[in-house]
Amino acid sequence: MVLGTYKEVVAARSTDKQIQKLAQDGGIVSGLFCYALDEGLIDGAVVAGPSDVMWKPEPMVAMSSDEILAAAGTKYTFSPNVWMLKKAVRQYGLEKLGTVAIPCQSMGIRKMQSYPFGVKNVASKIALMLGIFCMENFPYESLRTFISEKAGVDFDLVEKMDIGKGKFWIETADQTLSIPLKETHGYEQNGCKVCLDYVAELADVSTGSVGTPDGWSTVFVRTDAGETIFKQAVEAGVIETKPMDNVKPGLGLLEKLATDKKTKAMKVIDERKAMGLPVPFKGSAEKEDPLANV
Ligand SMILES: Cc1cc2nc3c(=O)[nH]c(=O)nc-3n(C[C@H](O)[C@H](O)[C@H](O)COP(=O)(O)OP(=O)(O)OC[C@H]3O[C@@H](n4cnc5c(N)ncnc54)[C@H](O)[C@@H]3O)c2cc1C
Ligand code: SF4
């Protein structure tokens, strides 16, 4: 199960024109959060909001559609959203909490729910975890450096960033530039080299761009909670879907990328173990099914 456990996988996008305009891909994260807020299924969501520093996200508790939309779009550096969950419950008094999480954050949240030492009242309030796919992430200074030095673009003029088709894309108001991903290697966060999850396997619903055409998203509906809200949003016409088999490049590309990520990471894990270094997983390439969720 290289893509984790799921009930359904579809191509999907938000039907809302404003969300389509502001979102990174199909606007599944923003669309589902706005719908869940409107329907009272959550009373707020921790998202990666803007900060005073360009492209440096700051976790924020969004309690309206406007705030959800202010945080739309991918920032290719860390947003410590998990850290904000406690504040969302303790200071904002939220009872039904939504959050968006990259795979490592999804793992942290599930761990917090399984072993809620000191966080029982926070862990039990998480009603909807939307996971986003992640191949790698960049420290803020790395991102700034390779964009300004390799693409020669003033960082403050960048309007959108995206990874796709083997390149890191940078859009400004009047041009679109790209850097081959082989040139961004070395700038990634070191910890990402031992990461075994590409498609946020532990989220309620996970989504990303790979597998579907521009403007659409690949969506895995994984848990009962995820299924309930996703089905309701589709029935309400907030999200439109297409069968995954009808779109290109489809699930095969995701399976390949997820397998490559796990295989590479497993090698690094075994190398680190051989050196006596601590690794955060019990998995090993020597296991019968090294690609199983560990
Ligand atoms: C570091 C990183 C690497 C990624 N790599 C891939 C990849 O390899 N393949 C792939 O298909 N997709 C990848 N994605 C996911 C993709 O870029 C989109 O985030 C995803 O498709 C959701 O799009 P959307 O239109 O549904 O979301 P939108 O409606 O645009 O909402 C995006 C949500 O993500 C939150 N967010 C933005 N940046 C971060 C962050 N750094 N950390 C946590 N939350 C954040 C925003 O606050 C917002 O709520 C990556 C995302 C990140 C953050
Ligand atoms: S590659 Fe893994 S560890 Fe790195 S940011 Fe993405 S999910 Fe987290």
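This structure is a prediction, so every number in the text was calculated from the model and none was measured. As the structure lists them, so they are numbered: ligands from 1, and atoms in each ligand from 1.
- Of the protein's non-hydrogen atoms, Phe133 O, 2.9 Å is the one closest to atom 50 (C) of ligand 1.
- With a heavy-atom cut-off of 4.0 Å, Leu22 does not touch ligand 1 at all.
- Residue Ala71 has at least one N or O atom closer than 3.5 Å to an N or O atom of ligand 1.
- The distance from atom 6 (Fe) of ligand 2 to the nearest N/O/S atom of Cys104 is not under 2.8 Å.
- Residue-level proximity to ligand 1 for Val210 is carried by backbone and side chain together, each with a heavy atom below 4.0 angstrom.
- Residue contacts with ligand 1: Ser217 is placed with no nitrogen or oxygen under 3.5 Å of a nitrogen or oxygen of the ligand (distance criterion only).
- For ligand 1 and Gly73, the ligand atoms under 4.0 Å from any heavy atom of the residue are 28 (P), 30 (O), 31 (O), 32 (C), 37 (C), 38 (N), 46 (C).
- Atoms of ligand 1 found under 4.0 Å from any heavy atom of Ser30, numbered from 1 in the order shown, are 28 (P), 29 (O), 31 (O).
- Listed by number with element, the atoms of ligand 1 under 4.0 Å from a non-hydrogen atom of Met135 are 5 (N), 8 (O).
- With Ile19, Val29, Thr99 as candidates, the residue nearest to atom 31 (O) of ligand 1 on a non-hydrogen basis is Val29.
- Under the 4.0 angstrom criterion for non-hydrogen atoms, Phe78 is not in contact with ligand 1.
- Val247 is not connected to Val205 by any chain of hydrophobic side-chain contacts under 4.5 Å among Ile, Leu, Val, Met, Phe, Trp and Tyr, and they are in different clusters.
- Checked by distance only, ligand 1 and Gly27 come closer than 3.5 Å through their nitrogen or oxygen atoms.
- Applying the 4.0 Å criterion to heavy atoms of Asn137 picks out, from ligand 1, the atoms 1 (C).
- Surrounding NZ of Lys125 are more than 12 heavy atoms belonging to other residues, nucleotides or ligands, all under 6.0 Å away.
- Under the 4.0 Å criterion applied to side-chain N and carboxylate O atoms, Lys262 and Glu201 are assigned as salt-bridge partners.
- Atoms CD1 and CE, on Ile179 and Met161 in that order, are 10.0 Å from each other to the nearest 0.5 Å.
- Remark: ligand 1 atoms within the under-4.0 Å shell around heavy atoms of Ile28 are 24 (P), 26 (O).
- Checked by distance only, ligand 1 and Ser79 stay at 3.5 Å or farther apart across all their nitrogen or oxygen atoms.
- Residues Ser217 and Arg13 bring no donor and acceptor atom of their side chains to less than 3.5 Å of each other.
- Side-chain heavy atoms closer than 4.5 Å link hydrophobic residues (I, L, V, M, F, W, Y) into clusters, and following such links, even through other members, never connects Ile42 to Met112.
- Between the side chains of Ser14 and Asp16, not a single donor N or O lies within less than 3.5 Å of an accepting N or O.
- Among Gly108, Gly191, Cys195, the residue whose heavy atom sits closest to atom 2 (Fe) of ligand 2 is Cys195.
- Nearest to atom 25 (O) of ligand 1 by heavy atom, out of Thr77, Asn81, Asp25, is Asp25.
- At a 4.0 Å heavy-atom cut-off, ligand 1 does not touch Phe138 at all.
- In this structure, the protein non-hydrogen atom closest to atom 6 (Fe) of ligand 2 is Cys134 SG, 2.3 Å.
- Residues Glu188 and Asn137 have side chains that never bring a donor and an acceptor to within less than 3.5 angstrom of each other.
- With respect to atom 19 (O) of ligand 1, the closest heavy atom belonging to the protein is Thr74 OG1, 2.9 Å.
- Cation-pi check for Lys56 over Tyr140 is met; the charged atom lies under 6.0 angstrom from the ring centroid and within 45 degrees of its normal.
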**Report entry** Worked verdict on Ser206 versus Arg222 for side-chain hydrogen bond (donor to acceptor under 3.5 Å, both in side chains)
**Finding:** CA-CA 8 Å; Ser206 19; Arg222 299 188 183 277; 2.6 Å; yes
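- The local environment of CG in Asn246 is crowded, with over 12 non-hydrogen atoms from other residues, nucleotides or ligands closer than 6.0 Å.
- Distance from atom 39 (C) of ligand 1 to its nearest protein heavy atom, with residue and atom name: Ala48 CB, 3.7 Å.
- By the 3.5 Å distance cut-off applied to N or O atoms, Lys75 is counted among the residues near ligand 1.
- In terms of polar-atom proximity, Ile132 is not counted as a contact of ligand 1, lacking any N or O under 3.5 Å from an N or O of the ligand.
- Of the heavy atoms in Met107, none comes closer than 4.0 Å to ligand 2.
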**Report entry** Intermediate values then yes/no, salt bridge (charged side-chain N to carboxylate O under 4.0 Å, His left out), Lys264 and Asp260
**Finding:** CA-CA 6 Å; Lys264 260 196 218 156; Asp260 287 354; over 6 Å; no
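- Ring orientation note: the planes of Phe133 and Phe220 are tilted relative to one another, at an angle of 30° to 60°.
- Near Val100, meaning under 4.0 Å from any of its heavy atoms, are these atoms of ligand 1: 34 (O), 35 (C), 49 (O).
- Using a non-hydrogen distance threshold of 4.0 Å, Gly26 registers as a contact of ligand 1.
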Query raised in the report: Do Asp66 and Ser64 pass the side-chain hydrogen bond (donor to acceptor under 3.5 Å, both in side chains) test, and can you show the C-alpha distance, the side-chain angles, and the key distance before you say yes or no?
Result: CA-CA 5 Å; Asp66 283 350; Ser64 67; 5.3 Å; no
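- Scanning all protein heavy atoms for the shortest distance to atom 4 (Fe) of ligand 2 gives Cys192 SG, 2.3 Å.
- Phe146 has its ring centre less than 6.0 Å from the ring centre of Tyr187.
- Figure legend: Lys160 and Trp169 shown without cation-pi pairing, the cationic atom not lying both under 6.0 angstrom from the six-membered ring centre and within 45 degrees of its axis.
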Query - Step-by-step side chain to side chain contact (heavy atoms under 4.5 Å, CB included) determination, Ser209 to Gln24 - result: CA-CA 8 Å; Ser209 61; Gln24 185 74 14; over 6 Å; no
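- Contacts of Gln189 with ligand 2, taken as heavy-atom pairs under 4.0 Å, involve the side chain alone.
- Every atom of ligand 1 is numbered from 1 in the order shown, and the set under 4.0 Å from a heavy atom of Glu136 is 1 (C), 3 (C).
- Every atom of ligand 2 with a heavy atom of Asn137 under 4.0 Å away is listed here by number and element: 5 (S).
- Taking 4.0 Å as the cut-off, Lys261 counts as a neighbour of ligand 2 on heavy-atom distance.
- Checked for salt-bridge contact, Lys7 and Asp224 meet the test: a charged N lies under 4.0 Å from a carboxylate O.
- Follow the hydrophobic side-chain contacts under 4.5 Å out from Ile126 and you never reach Leu128; the two are in separate clusters.
- Between Ala23 and ligand 1, no pair of N/O atoms sits closer than 3.5 Å.
- Two different hydrophobic clusters hold Met84 and Leu130 under the rule that ILVMFWY side chains link at heavy-atom gaps under 4.5 Å.
- Taking distance alone, with nitrogen or oxygen atoms compared against 3.5 Å, Ser209 approaches ligand 1 more closely than that limit.
- Atom 7 (C) of ligand 1 has Tyr198 OH, 3.7 Å as its closest protein atom, hydrogens excluded (heavy atom only).
- Set against the non-hydrogen atoms of Glu136, the atoms of ligand 2 under 4.0 Å away are 1 (S).
- Taking any N or O of Val47, backbone or side chain, none lies under 3.5 Å from an N or O belonging to ligand 1.
- In this structure, Tyr76 has its ring center under 6.0 Å from that of Phe168.
- At a 4.0 Å cut-off, not a single heavy atom of Glu188 sits close enough to ligand 2 to count as contact.
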